[in-house]
Amino acid sequence: MGISAFKRLDKVAQLEVIYEIGDKVAELEDHSYVLELFQVYDFYVQITSYSKTNVLFSIKSFDINSEVLDRYLTSIPIPVI
């Protein structure tokens, strides 16, 4: 499945794909929100939820060239070889 097909799915189907196929890469807290980054096939998905209620706020999908990934780079531990 490509990113275009993923975007055409409804929110419930998107969440099923994310949690069944995706790999969680990182998690950030931003004021009142929790942001989770998943790699799904050859693209990424960010799930944003309200931190107090854990209610879904948004699902955003993007490719590897997106600037959205920049905010996660400092939070992903990369071992020194």
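Position 1 is the first residue of the sequence, and the numbers go up from there.
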Check: Does a side-chain heavy-atom distance below 4.5 Å link Val34 with Thr48?
Finding: no
Item checked: Pair Leu9-Met1, side chain to side chain contact (heavy atoms under 4.5 Å, CB included): steps then yes or no -> CA-CA 11 Å; Leu9 298 173; Met1 173 183 295; 3.9 Å; yes
Note to self: If you define the side chain from C-beta out and look only at heavy atoms, does anything of Tyr44 sit under 4.5 Å from Ile64?
What the structure shows: yes
Next item on the list: With sequence neighbours excluded, tell me which residues meet salt bridge (Lys or Arg N to Asp or Glu O under 4.0 Å) with Asp30.
Entry: Arg71
Check: Side-chain contact, heavy-atom cut-off 4.5 Å: Lys60 with Val68?
Finding: yes
Notebook entry, point to check: Do Tyr41 and Phe62 belong together in a cluster built from hydrophobic side chains that touch within less than 4.5 Å?
Noted result: no
Notebook entry, point to check: When rounded to the nearest 0.5 angstrom, what distance separates OG in Ser51 from NE2 in His31?
Noted result: 11.0 Å
Next item on the list: Using the salt bridge (charged side-chain N to carboxylate O under 4.0 Å, His left out) rule, collect all pairs that involve residues 1-17, keeping only residues at least two apart or in two chains.
Entry: none
Notebook entry, point to check: Heavy-atom distance under 4.5 Å between the side chains of Leu56 and Leu15, does that happen here?
Noted result: yes
Check: Any side-chain heavy-atom pair from Ile18 and Ile47 closer than 4.5 angstrom?
Finding: yes
Item checked: Residue list, side-chain contact (heavy atoms from CB on, under 4.5 Å) with Asp70, at least two apart or on another chain -> Glu67, Leu73
Checklist line | Non-neighbouring partners of Phe6 that pass ring pair (Phe, Tyr, Trp, His ring centres under 6.0 Å), sequence neighbours left out | finding: Phe43
Check: So do Leu37 and Leu69 actually touch side chain to side chain, heavy atoms under 4.5 Å?
Finding: yes
Check: Do the side chains of Val25 and Phe38 get nearer than 4.5 Å, heavy atoms only?
Finding: no
Check: Sequence neighbours excluded, which residues qualify as ring pair (Phe, Tyr, Trp, His ring centres under 6.0 Å) partners of Tyr50?
Finding: Tyr33, Phe57
Next item on the list: Please name all residues satisfying salt bridge (Lys or Arg N to Asp or Glu O under 4.0 Å) with Glu36, sequence neighbours left out, ordered by chain then number.
Entry: Lys24
